[in-house]
Amino acid sequence: MGSDRILFDEPSAGVQRLAARFAGHAFDPHRHETYAIGLTLSGVQAFRYRGAGQASRAGQVMVIHPDEAHDGHAAAVEGFAYRMVYVDPALIGEALDGLAAPFVPDVVANDPAIRDIVNEAFVDFPQPLEPLAMDSIVERLADALAMRADSRLPARTRPVAHRGVTLAREFLIAETHRTVGSAELEHVSGLDRFALARQFRAALGTSPHRFQVGRRLAWARTLVGRSMALADVAASVGFADQSHLTRHFSAQFGLTPGRWATLAQRTN
């Protein structure tokens, strides 16, 4: 029991994240009003779901439908660790243009797409998700669930809304210094947040959130090269603090800001 732990954030706009580790028994039978979409990080996570025993091993994902009872316990001596994203099914339906929330019959699967989405949702955990990051995660999860649904949802073949995407892109560039809210981009682009996330990705190959983070990091790199203090750089480009900047900077450029500053000074 001493190794058991749970860390979670507060629900925000219909999304909540949880990371946990258990050595033995984890949960009694219970149910959520949300989707529970998880990734097993280590060990074997066993549970009963819809009358059958299930087991999720390291690297596998779980999709538990709203209002479906399940429990949880370790099925390996080392216990298990996992991440879970809880999503309001209304958000999934909205992201799918008002279609019914999809039911995924295979509760455990090897699904690289969902695995990557869950990992992305935890990049800054337990720091709150930025609004545009949340939009992207919900939109991508909705598409991934639709692809695995028991009855395939109709394909959406709408043309790319280039004007809306362009307006959103220009606004994100102009507002590089701060975190942009979902409602702001809806107003600027004329598209709802999930449609914009999908259209932006179709036109530019990335999400509005990743696009803006990339712009912020590019400016951060310039400021670091000018020997600005890292805490000041973080504040100048819209990151919560120096450690927040460092995580994203390292993921983008493969070097910490401190290492970049040292190398940049050597070339000046």
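Position 1 is the first residue of the sequence; numbering continues from there.
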Verify same cluster id: [X], [Y] (apolar side-chain graph, 4.5 Å):
{"X": "Val118", "Y": "Val87", "result": "yes"}
{"X": "Leu129", "Y": "Ile117", "result": "yes"}
{"X": "Phe80", "Y": "Ile37", "result": "no"}
{"X": "Leu223", "Y": "Phe249", "result": "yes"}

Heavy-atom side-chain proximity of [X] to [Y] below 4.5 angstrom:
{"X": "Val188", "Y": "Leu167", "answer": "yes"}
{"X": "Asp88", "Y": "Val15", "answer": "no"}
{"X": "Leu172", "Y": "Leu132", "answer": "yes"}
{"X": "Pro102", "Y": "Ile92", "answer": "yes"}
{"X": "Leu145", "Y": "Tyr35", "answer": "yes"}
{"X": "Tyr49", "Y": "Val108", "answer": "no"}
{"X": "Arg221", "Y": "Arg226", "answer": "no"}
{"X": "Leu7", "Y": "Arg17", "answer": "no"}

**Message:** So, applying side chain to side chain contact (heavy atoms under 4.5 Å, CB included) with Gln60, which one of Asp111, Asn110, Val44 is it?
**Reply:** Asn110
**Request:** Could you point out which residue of Val104, Val85, Asn119, Val61 forms a side chain to side chain contact (heavy atoms under 4.5 Å, CB included) with Ile114?
**Result:** Val61
State plainly whether the residues [X] and [Y] are in salt-bridge range, i.e. N to O under 4.0 Å.
{"X": "Arg50", "Y": "Glu68", "value": "yes"}
{"X": "Arg201", "Y": "Asp143", "value": "yes"}
{"X": "Arg178", "Y": "Glu184", "value": "yes"}
{"X": "Glu120", "Y": "Arg140", "value": "yes"}
{"X": "Arg48", "Y": "Asp71", "value": "no"}

In this structure, are over 12 heavy atoms from other groups packed under 6.0 Å from [X] atom [atom1]?
{"X": "Arg169", "atom1": "CZ", "value": "no"}
{"X": "His187", "atom1": "NE2", "value": "no"}
{"X": "Phe103", "atom1": "CZ", "value": "yes"}

**Message:** Within the 3.5 Å criterion, strictly below it, is a donor on Asp135 or Ser182 matched to an acceptor on the partner's side chain?
**Reply:** yes
**Item:** Side chains of Asp124 and His248, donor plus acceptor under 3.5 Å
**Value:** yes
Between the main-chain N or O of [Y] and the side-chain N or O of [X], is there a donor-acceptor pair closer than 3.5 Å?
{"X": "Gln54", "Y": "Met62", "result": "no"}
{"X": "Asp4", "Y": "Ala26", "result": "no"}
{"X": "Ser136", "Y": "Ala133", "result": "no"}
{"X": "Ser189", "Y": "Leu191", "result": "yes"}
{"X": "Asp241", "Y": "His244", "result": "yes"}
{"X": "Arg21", "Y": "Ser3", "result": "no"}

**Request:** Please step through side-chain contact (heavy atoms from CB on, under 4.5 Å) for the pair Val237 and His177, ending with a clear verdict.
**Result:** CA-CA 4 Å; Val237 298; His177 60 284; over 6 Å; no
Give me the atom names and distance for the closest heavy-atom approach of [X] to [Y].
{"X": "Ala95", "Y": "Glu139", "result": "CB-CA, 4.3 Å"}
{"X": "Leu230", "Y": "Gly258", "result": "CD1-N, 4.1 Å"}
{"X": "Trp260", "Y": "Val224", "result": "CD1-CG1, 3.8 Å"}
{"X": "Asp106", "Y": "Arg148", "result": "O-NH2, 2.6 Å"}
{"X": "Ala13", "Y": "Leu91", "result": "O-CD1, 3.2 Å"}
{"X": "Met228", "Y": "Ser236", "result": "SD-OG, 4.0 Å"}

Within the 6.0 Å centroid threshold, strictly below: [X] and [Y]:
{"X": "Phe211", "Y": "Phe200", "answer": "yes"}
{"X": "Phe27", "Y": "His30", "answer": "yes"}
{"X": "His73", "Y": "Phe22", "answer": "no"}

As an exercise, state the distance from [atom1] of [X] to [atom2] of [Y], rounded to the nearest 0.5 Å.
{"X": "Leu39", "Y": "Asp116", "atom1": "CG", "atom2": "CG", "answer": "9.5 Å"}
{"X": "Arg215", "Y": "Leu217", "atom1": "CZ", "atom2": "CG", "answer": "11.5 Å"}
{"X": "Glu33", "Y": "Asp67", "atom1": "CD", "atom2": "CG", "answer": "9.0 Å"}
{"X": "Arg198", "Y": "Ser207", "atom1": "CZ", "atom2": "OG", "answer": "13.0 Å"}
{"X": "Leu18", "Y": "Ile6", "atom1": "CG", "atom2": "CD1", "answer": "6.0 Å"}
{"X": "Gln16", "Y": "Tyr86", "atom1": "CD", "atom2": "OH", "answer": "7.5 Å"}

**Prompt:** Step by step, would you call Leu196 with Glu186 a side-chain contact (heavy atoms from CB on, under 4.5 Å)?
**Reply:** CA-CA 8 Å; Leu196 176 61; Glu186 288 182 325; over 6 Å; no
**Prompt:** Is the Phe122 ring parallel, tilted or perpendicular to the Phe125 ring (thresholds 30°, 60°)?
**Reply:**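 Tilted, since the angle between the ring planes falls between 30° and 60°.
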**Prompt:** With a cut-off of under 6.0 Å to the ring centre and 45° to the axis, is Arg216 in cation-pi contact with Phe239?
**Reply:** yes
